[in-house]
Each structure stands twice: as C-alpha cells, then as structure tokens.
Amino acid sequence: MTLSPHAPVTQTSVPETAGRHGVRPPRLVAHRGAPRVRRENTLPAIAVAEALGADAVEVDVRRTADGVAVLLHDPTLGRMWGDARRVAEVPWCDVARLGNGLDRIPRLDAVLERLDGCRAALVLHVVDPEDADVAVRTVAAFRGSTAVAWCGPADALTVVRTALPDADVWLTWESLGAPVVADLQALTPSTLHLDVAFLTPRTVTAAHGLGLLVAVRTVDDAEPARWATRLGVDSITTNDVASIRATIAAAERDGWPEREPTEAETTSRAEALAHRIAHEVIAFTREHPVGEVRAKAHPADLVTDVDRMVEQHVRGRVRAAFPTHGFTGEEYGDAPGDRHCWFLDPVDGTTNLANGVPWTSMSLCLTRGGQAVVGVVADPWRGEVFEARRGRGATLRDRPLRLDDTPRPLAGAVVGTELDGHRPWPGFGAFLTALADRSCALRVQGSGTLTIAQVAAGRGIGGCVPAFDPVDHGAAVLLVHEAGGVVLTREGPVEGFPPTGEPFLVAHPGAADELHAVWTAALAAG
C-alpha cells in the first residue's frame with residue numbers, strides 16, 4: 001500500500017504529461033479534505049475532495065486514550081469540536097459523540113475503507129511518534145487497496161519506516177537548505193515536503209538532483225500556484241482544489257502570464273501587504289504564549305517558537321503575493337530571488353519576549369536593487385505600526401511623521417542605544433558619560449528596531465546601534481529617512497542604508513551635529 005509517485009522532472013526534459021505550453025501540471029493534494037466546503041478532516045470533506053478530482057487527500061492523524069487512530073490536526077479537541085481536552089486523554093467512545101450527523105471525527109480505518117477502490121490516494125500527516133505508531137498499526141491491519149503515503153517530521157517518520165519498510169515517505173522539511181544526509185539515508189523518502197514559504201528554484205533543483213519529488217503546501221492563491229508549477233514541483237497541497245485546478249488549466253490553455261507588474265504596482269501591493277502582515281503579527285505575538293526557548297550562538301542569544309512561527313507566517317504571506325522575490329529572515333536565512341528582496345526580523349528583542357518584558361518589535365522591509373522602498377515596524381505591546389514608503393513619507397496610526405529642523409539641545413533629552421549582543425559596545429561608557437555631562441539620558445531597552453523607529457516618531461532625540469543589519473534595521477532606517485531624520489555613520493550622513501556591520505546613528509535634524517560629535521568621539525575613545 002504505497003503511493004507510486006511519477007518520475008522526477010529534470011531541468012533538461014519535460015515528461016510526456018506536460019501540457020501544450022511545455023509545463024507539466026502537478027498532482028493536487030486536498031489539504032484536510034475540502035475544508036472550505038465541509039469541516040476539515042471529516043468523511044464529508046474527504047468525499048468532496050475526491051469528487052473534485054483531487055489526486056490525493058492529506059489528513060492529520062492523532063490517537064485517542066485507548067489507542068484508536070482518528071483524524072484530527074490539533075492535539076486538543078478545542079478548536080474544531082469545542083472540547084478543551086487533549087484527544088490522547090479521551091477514549092474513542094467519547095470522541096465519537098462529538099459533532100453531529102456525518103460531521104464527526106472519523107476513525108482512520110473508516111477513511112481507508114471510504115477511499116478503497118477510489119482514484120484518490122491518502123497522505124497521512126503524523127507529528128507525534130506515538131500517534132505514528134497507532135496509525136501504522138491501523139494501516140498494516142487494513143486489507144483494502146487504498147494507496148497510502150506518509151508525511152511529517154523525521155522522528156515520526158522513523159516509526160513509520162521501521163514498521164513499514166516499503167512505505168512511501170514524504171519528509172517534511174522546514175528549511176531553505178537541503179535535507180541532512182542522515183535523514184535521507186535513514187528514511188529514504190520519495191518526496192521533500194515543503195511549506196511554500198521555503199520553496200525556491202534552488203530547492204527544487206537540489207531535490208530533483210537527489211532523486212526526490214517536491215511537494216509544496218499550502219497553496220491557495222493563483223499566483224504562487226502558477227509559480228510553483230513552472231518551477232517544476234511534483235504536487236501542490238491546497239485547501240481549494242477546484243480553484244487551483246482551474247488556475248493551472250487556464251494557464252495550460254491560454255499560456256502562462258508573461259506581463260510583469262510595474263514597479264509602482266509592485267510597491268503599492270507590497271505596501272498594502274506589509275500593513276496587513278504587521279497587524280497579523282501584532283495579534284499573534286500578543287496572543288501566543290512563549291513556549292520553547294533555545295539558545296543559538298551563545299546562552300544570551302535566544303530564539304523562541306514565536307520567532308520561528310512568525311517568520312514562517314510572513315514568508316508564506318510574501319511568497320503567496322510575490323513568489324519571485326528574494327527573502328532574508330533572522331531565523332531561516334536567505335532565499336535568493338529577483339531584484340526585489342524582503343528583510344524580516346520576526347521578533348527584535350527576543351530576550352525581552354522570553355523574559356516577559358513587553359518591549360519587542362517586528363521589522364519588515366522590501367528593497368529593490370538594494371534600495372529600501374517599503375518598511376513597517378510593528379510594536380505588539382502598544383499595538384502600533386510604523387509605516388514608510390520611499391518618497392511618500394512615514395506614518396504612525398495614519399498620522400504623518402515629520403521631524404522639523406528646529407535646533408534641539410541635548411540637555412533634558414533622551415537618546416536610545418542597544419548593546420552589542422549582551423555586552424556594551426566599544427565606547428559605550430564614554431558615550432554614557434559624555435551624554436550625562438550634557439544632562440542627556442541614555443536608554444537601553446532591548447530592541448534595536450524600536451530604538452531607531454521611535455526617533456522617527458519624535459520619541460527621543462536620537463538612537464544608535466553598534467552594527468547595521470537590514471534584517472534588524474532596514475525598515476527603521478527607511479522610517480527615519482522618510483520622517484525627515486538624519487542617518488549617520490562615522491563619516492557623516494548617508495542617504496540609504498549604512499554599510500552592513502558598521503555602527504550608525506539616527507538623530508533629530510536639530511540635534512544631529514552635536515550628537516554625531518559626541519558619538520564619534522566616544523567610538524574613537526572605545
């Protein structure tokens with residue numbers, strides 16, 4: 001009972017199944033059935049997906065307290081069925097009573113029987129190794145002909161491979177790089193299973209070069225569906241089989257769209273998208289409790305599950321709207337693209353977040369040819385979104401931000417700075433002392449993005465950080481420029497980004513000269 005995939009597509013040949021425009025249509029996998037028509041992971045949803053012509057149906061498998069494999073995505077019954085308990089703690093007899101009519105949680109064996117003899121295969125998504133073990137025993141006991149594949153993380157798939165040596169395995173890969181050799185050797189997957197956020201031409205080429213198929217999820221919009229198809233992916237997982245099928249069929253019939261949007265169109269769409277993303281991230285960061293916290297380079301360099309989830313969400317949103325754009329993120333690195341590139345820090349101030357200090361931000365910036373064109377900084381704890389578009393100014397809560405050039409004394413003012421990691425930067429002490437001698441206060445609050453962005457809003461007279469990085473500071477620097485502030489390196493004002501890795505200062509125009517003199521003297525002393 002394995003799902004037989006079609007042969008990988010090479011870069012030099014097109015299979016006989018290619019359409020008349022030379023692009024091979026991918027197989028369509030219905031995500032949790034047809035969740036836009038019927039409740040996800042139920043028999044009616046699966047029936048609709050099959051009726052719509054899905055090549056396969058991907059469902060999520062969990063176990064009940066008494067070891068019954070059932071279809072459910074979440075570990076708890078709350079989101080879909082109104083019961084806060086974990087399904088692993090509830091016996092099947094109680095699970096079976098939830099819902100009404102056919103809208104109930106089905107057993108896996110019932111789903112296997114429902115698809116027996118049908119064209120559509122079944123892809124079982126397992127996350128927990130114990131759930132995988134129960135699902136494996138259910139599939140092994142089934143005597144029908146339903147084709148089955150398995151997807152999920154390596155630890156769950158190891159259980160599958162051990163029990164079912166001939167199983168068709170799709171390795172879920174949450175990275176921009178190639179899968180590690182150990183996973184490939186241990187699991188011998190047929191398919192690399194990628195979130196659309198991590199889909200790149202390089203990934204498809206590398207996977208096909210390794211003899212792997214590429215399955216991308218979850219694609220519900222026309223533009224990324226066309227892009228993924230033209231990249232040569234082998235299957236697309238979607239919540240909307242009918243729409244994606246129609247999109248690909250229309251492109252096969254009428255030709256693939258060749259017109260590129262104008263730069264003005266791209267910038268306007270990017271500005272609107274960045275605005276929406278900022279508000280989505282505010283809601284998510286405020287509502288999602290911090291779970292896992294890990295150290296990266298050293299014990300003070302932290303990353304949380306919120307960092308990773310926000311970045312994956314933003315990457316997916318950008319990929320859906322602008323599939324050919326490059327993207328560089330704090331947690332998942334660089335995905336090259338065309339002359340456009342997005343820079344994201346999902347949580348600037350992770351140490352604050354991990355310790356319950358409400359002073360963090362998200363930074364998202366679009367550049368074109370290395371020049372910033374759109375930037376947003378989201379402050380989840382104030383519920384504020386700073387926005388800037390090159391040549392169009394900066395706003396906060398739809399209020400224009402504009403710094404005048406009236407002379408401003410340092411006495412009584414506030415300047416922000418950040419540490420170099422968790423240590424003071426060279427010259428920090430001299431800078432602190434020089435400002436104190438001028439009756440000016442220095443603040444270190446833990447988010448370089450906000451330290452710079454606040455200056456654009458007139459909150460503080462200036463700010464400096466020890467090393468520019470477009471991931472962390474690109475959006476904030478654009479904000480300062482568009483608000484009429486001054487961005488300076490040691491040598492003086494700059495029009496665009498400071499050099500990466502170099503210290504920089506932003507300032508109110510009326511205080512820029514004096515603050516720059518104090519700052520450069522401190523750097524020299526350091």
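- The main-chain N or O of G448 is found under 3.5 Å from a side-chain atom of D348 such that the two form a donor-acceptor pair.
- Across C365 and F497, no two heavy atoms sit closer than the pair SG-CZ, 4.1 Å.
- Without hydrogens or angle criteria, E271 side chain to R389 main chain gives no donor-acceptor distance under 3.5 Å.
- Enclosure of atom CG in D404 by more than 12 non-hydrogen atoms of other residues, nucleotides or ligands within 6.0 angstrom is indicated.
- Side-chain contact annotation: T238 with D220, donor-acceptor N/O pair under 3.5 Å present.
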Practice prompt. Applying side chain to side chain contact (heavy atoms under 4.5 Å, CB included), run through C341 and T328 and close with a yes or a no.
Written response: CA-CA 7 Å; C341 185; T328 299; 3.9 Å; yes
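- Between C464 and L515, the closest side-chain pair of non-hydrogen atoms is not below 4.5 Å.
- Not a single donor-acceptor pair under 3.5 Å links the side chain of T285 to the backbone N or O of I282.
- Side chain to side chain, H31 and R217 fail the donor-acceptor criterion of an N or O pair below 3.5 Å.
- No donor-acceptor pair closer than 3.5 Å links the side chain of T191 to the backbone N or O of H193.
- Taking the side chain as every heavy atom from C-beta outward, R397 and T395 never approach each other to under 4.5 Å.
- With contacts defined as side-chain heavy-atom distances shorter than 4.5 Å, the pair L212/W173 does not qualify.
- Within the 4.5 Å cutoff, the side chain of V281 has heavy atoms near those of the I277 side chain.
- Taking the charged nitrogens against the carboxylate oxygens, R315 and E331 have no contact shorter than 4.0 Å, which rules out a salt bridge.
- Among E330, E292, H313, the single residue meeting the side chain to side chain donor-acceptor pair (under 3.5 Å) criterion with R308 is E292.
- What you find for P35 and E40 is that their closest heavy atoms are CB-CB, 4.0 Å.
- The aromatic rings of W425 and F431 sit tilted, their planes meeting at an angle between 30° and 60°.
- The backbone N or O of H325 lies less than 3.5 Å from a partner atom in the side chain of R319, making a donor-acceptor pair.
- D307 and T350 are linked by a side-chain donor-acceptor pair at a separation below 3.5 angstrom, with hydrogens and angles left out of the test.
- Counting all heavy atoms, side chain and backbone alike, P336 lies closest to R202 at CD-NH2, 3.5 Å.
- With hydrogens and angles ignored, the 3.5 Å screen pairs no side-chain donor or acceptor of R226 with any backbone N or O of A251.
- At least one donor-acceptor pair under 3.5 Å links the side chain of R402 to the backbone N or O of E482.
- Here the side chains of R269 and F322 are in contact, with some heavy-atom distance below 4.5 Å.
- A donor and an acceptor atom, one from each side chain of R443 and T451, are nowhere located under 3.5 Å apart.
- For the residue pair P503 and L523, the shortest heavy atom distance occurs at CG-CD1, 4.3 Å.
- A donor atom on one side chain and an acceptor atom on the other are found under 3.5 Å apart for R368 and T267.
- S447 places no side-chain N or O within 3.5 Å of a backbone atom of T360 that could act as its donor or acceptor partner.
- Separation of the H422 and H298 ring centroids falls under the 6.0 Å cut-off.
- Applying the side-chain hydrogen bond (donor to acceptor under 3.5 Å, both in side chains) test to pairs two or more places apart or on separate chains, those with a residue in residues 458-478 are E384-R459, Q454-R459.
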Worksheet item: Would E280 and R317 count as a salt bridge (Lys or Arg N to Asp or Glu O under 4.0 Å) if you check the C-alpha gap in whole Å, the side-chain angles of each, and the deciding distance to 0.1 Å?
Response: CA-CA 11 Å; E280 291 166 359; R317 295 282 275 123; 2.9 Å; yes
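- With hydrogens and angles left out, the side-chain atoms of T324 and D338 include a donor and acceptor closer than 3.5 Å.
- No more than 12 heavy atoms of other residues, nucleotides or ligands lie within 6.0 Å of CD in E495, so this atom counts as exposed by the packing criterion.
- The shortest non-hydrogen separation linking G484 to P509 is O-CG, 3.1 Å.
- Using cut-offs of 30° and 60° on the angle between ring planes, the pair H516 and W519 is tilted.
- Residues E502 and R490 form a side-chain contact, since some pair of their non-hydrogen atoms from C-beta on lies under 4.5 Å apart.
- Between the side chain of D221 and the backbone N or O of A320 there is no donor-acceptor pair closer than 3.5 Å.
- Using a distance-only test at 3.5 Å, with no hydrogens or angles considered, no donor-acceptor pair links the side chain of R86 to the main chain of P75.
- Classification of D234 and R24 as a salt-bridged pair holds, one side-chain N sitting under 4.0 Å from a carboxylate O.
- Residues I452 and F504 meet the side-chain proximity criterion, which asks for heavy atoms closer than 4.5 Å.
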